[in-house]
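These notes are about the structure you will find just below.
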Amino acid sequence: MTDSALLTRIETRPMHEADLEAGYALSKALSWPHRLEDWQFMFSVGEGRVAVTDTGAIIGTIMWWRYGAGHASLGMVIVADAWQGHGIGKRLMIEARNALPGVVIHLNATPTGVPLYEKMGFRPCGIVEQRQSNAAAQPLIALPGGVRLRPAGQNDLEAIVACDTQACGMDRRQLVTALLATARGVIVDQEGEIAGYAFCRKFGWGMVVGPVMATSTDYAAAMIAYWIGSHAGQFMRLDIAQDCGLSRWLDEIGLLRVDAVAAMSTDGSYGNAGASPMQRFALCSQAFG
């Protein structure tokens, strides 16, 4: 059957909650770690589209998350193996971009996806390392006088949003609000001011630490060590910016690099890229950024 004949059998439409199990099945077929609960969390704070055959089978997905009026992150771009090579992924990408006019779009691309995204106007702006292992017990990292780690609570929402915006250069209030409601968080409290925050939540095969934002690598490491030590023996994952300054330390504590993806955006920028003392050390996830 020709490509044109095949594509007449495909329609695309907005993603609905009832589509999430099919999306989960597509990601599982690729050996991605996402659970159905992870798909549900992503959809609760985002939007998406699906590609559907004339028999009603979902064969492709794409999702995006709006961060204020000017930015968005894009991910979960999947096309079933039997339907690859027919332009379905490109079609979903075009429709996602059409849904986000005038918006700077960020994504993290596998090496095989980079050429397509470059043709779609995305430019590389960094490398993201995927780090994971079964967590080993970690001693707490000593902090200077007047600085302590404490749990994050609902009363910290505005301060955490402010930190996140400074580090990322975009308004991710909806995502931060959802994390506060569903994940555990810690804050670096520096004499009453927030100098960093980090969340830890269930994801995939175990736990994921992120986002991690801080004004120094020492503060970021202290929060990461806290979460690793709190989950000794469990599977832990962390997605970090390659140039964040934590790679060697993570090697030393056994949280090893297992993969890397290219950070890309439509304007070639990666968040705030050093414009603020508050920096992004770890992503919330490769999809969320």
Side-chain angles (χ1 to χ4, degrees), residues 1 3 5-68 71-101 103 105-110 113 116-117 120 172-183 199 201-208 210-211 237 239 283-289:
M1 187 177 292
D3 283 357
L6 279 170
L7 292 178
T8 59
R9 299 172 52 190
I10 306 301
E11 69 168 10
T12 62
R13 60 166 174 77
M15 180 181 288
H16 304 302
E17 188 170 1
D19 301 324
L20 299 182
E21 287 198 20
Y24 163 66
L26 288 175
S27 64
K28 187 176 181 181
L30 294 176
S31 298
W32 289 11
H34 302 69
R35 306 167 302 153
L36 176 59
E37 293 87 346
D38 299 321
W39 276 84
Q40 291 167 338
F41 179 74
M42 290 187 293
F43 187 67
S44 73
V45 291
E47 307 165 65
R49 291 189 70 81
V50 294
V52 186
T53 69
D54 54 358
T55 64
I58 293 175
I59 59 167
T61 64
I62 193 167
M63 297 186 76
W64 61 88
W65 300 270
R66 299 175 189 266
Y67 298 144
H71 294 265
S73 183
L74 188 150
M76 306 310 288
V77 184
I78 306 175
V79 176
D81 185 64
W83 287 88
Q84 290 183 12
H86 301 294
I88 296 170
K90 181 178 180 180
R91 180 174 168 185
L92 288 169
M93 283 286 300
I94 291 171
E95 293 182 2
R97 293 206 64 176
N98 289 342
L100 298 164
V103 172
I105 305 174
H106 307 264
L107 59 80
N108 291 293
T110 62
L116 169 63
Y117 297 133
M120 299 290 295
R172 306 199 304 176
R173 174 180 293 272
Q174 185 179 12
L175 176 59
V176 171
T177 301
L179 289 170
L180 266 175
T182 58
F199 283 104
R201 62 191 172 90
K202 289 184 178 180
F203 173 82
W205 300 312
M207 307 295 293
V208 64
R237 173 170 171 168
D239 293 283
L283 283 61
C284 182
S285 70
Q286 288 187 12
F288 285 130

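We count residues from 1, following the sequence as given.
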Ignoring hydrogens, what is the shortest heavy-atom contact between Leu107 and Ala109? Give both atom names and the distance.
CD1-CB, 3.8 Å
So, for Leu92 and Ala51, which heavy atoms are closest and what is the spacing to 0.1 Å?
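Heavy-atom minimum between the residues: CD2-N, 4.2 Å.
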Look only at the side chain of Asp239 and the backbone of Leu283, and say whether a donor-acceptor pair between them is shorter than 3.5 Å.
no
Check whether any side-chain N or O of Arg201 sits under 3.5 Å from a backbone N or O of Thr182 as a donor-acceptor pair, and report yes or no.
no
Within this structure, what is the [atom1]-[atom2] distance for the pair [X] and [Y], rounded to the nearest 0.5 Å?
X      : Y      : atom1 : atom2 : value
Trp65  : Ser285 : CH2   : OG    : 6.5 Å
Ile62  : Arg91  : CD1   : CZ    : 12.5 Å
Asp38  : Leu20  : CG    : CG    : 11.5 Å
Ile58  : Ile78  : CD1   : CD1   : 11.5 Å
Met42  : Glu47  : CE    : CD    : 14.0 Å
Gln174 : Leu179 : CD    : CG    : 11.0 Å

Ring centres under 6.0 angstrom apart (His106, Tyr67)
no
Enumerate the residue pairs fulfilling salt bridge (Lys or Arg N to Asp or Glu O under 4.0 Å) with a member in residues 14-24, sequence neighbours excluded, ordered by first and then second residue.
Arg13-Asp19
Give the C-alpha distance, both sets of side-chain angles, the deciding distance and a yes or no for side chain to side chain contact (heavy atoms under 4.5 Å, CB included) between Thr61 and Val77.
CA-CA 6 Å; Thr61 64; Val77 184; over 6 Å; no
Met93 vs Met120, test: side chain to side chain contact (heavy atoms under 4.5 Å, CB included). Steps then yes/no.
CA-CA 8 Å; Met93 283 286 300; Met120 299 290 295; 3.6 Å; yes
Answer with yes or no whether the side chains of Trp39 and Ser27 bring together a donor and an acceptor at under 3.5 Å.
yes
Partners meeting side chain to side chain donor-acceptor pair (under 3.5 Å) with Ser31 (sequence neighbours left out)
none
Kindly determine whether Met63 and Met15 satisfy side chain to side chain contact (heavy atoms under 4.5 Å, CB included), including the steps that lead there.
CA-CA 8 Å; Met63 297 186 76; Met15 180 181 288; 3.8 Å; yes
For [X], side chain to side chain contact (heavy atoms under 4.5 Å, CB included) partners two or more places apart:
X      : result
Ala178 : Phe41, Val45
Leu100 : Trp64, Arg66, Ala72, Val103, Ile105
Thr177 : Leu157, Arg173

CA sep, side-chain torsions, deciding dist, call: Phe203, Glu37, side chain to side chain contact (heavy atoms under 4.5 Å, CB included)
CA-CA 8 Å; Phe203 173 82; Glu37 293 87 346; over 6 Å; no
Tyr24: which residues meet the ring-ring contact (aromatic ring centres under 6.0 Å, His included) condition with it, sequence neighbours left out?
none
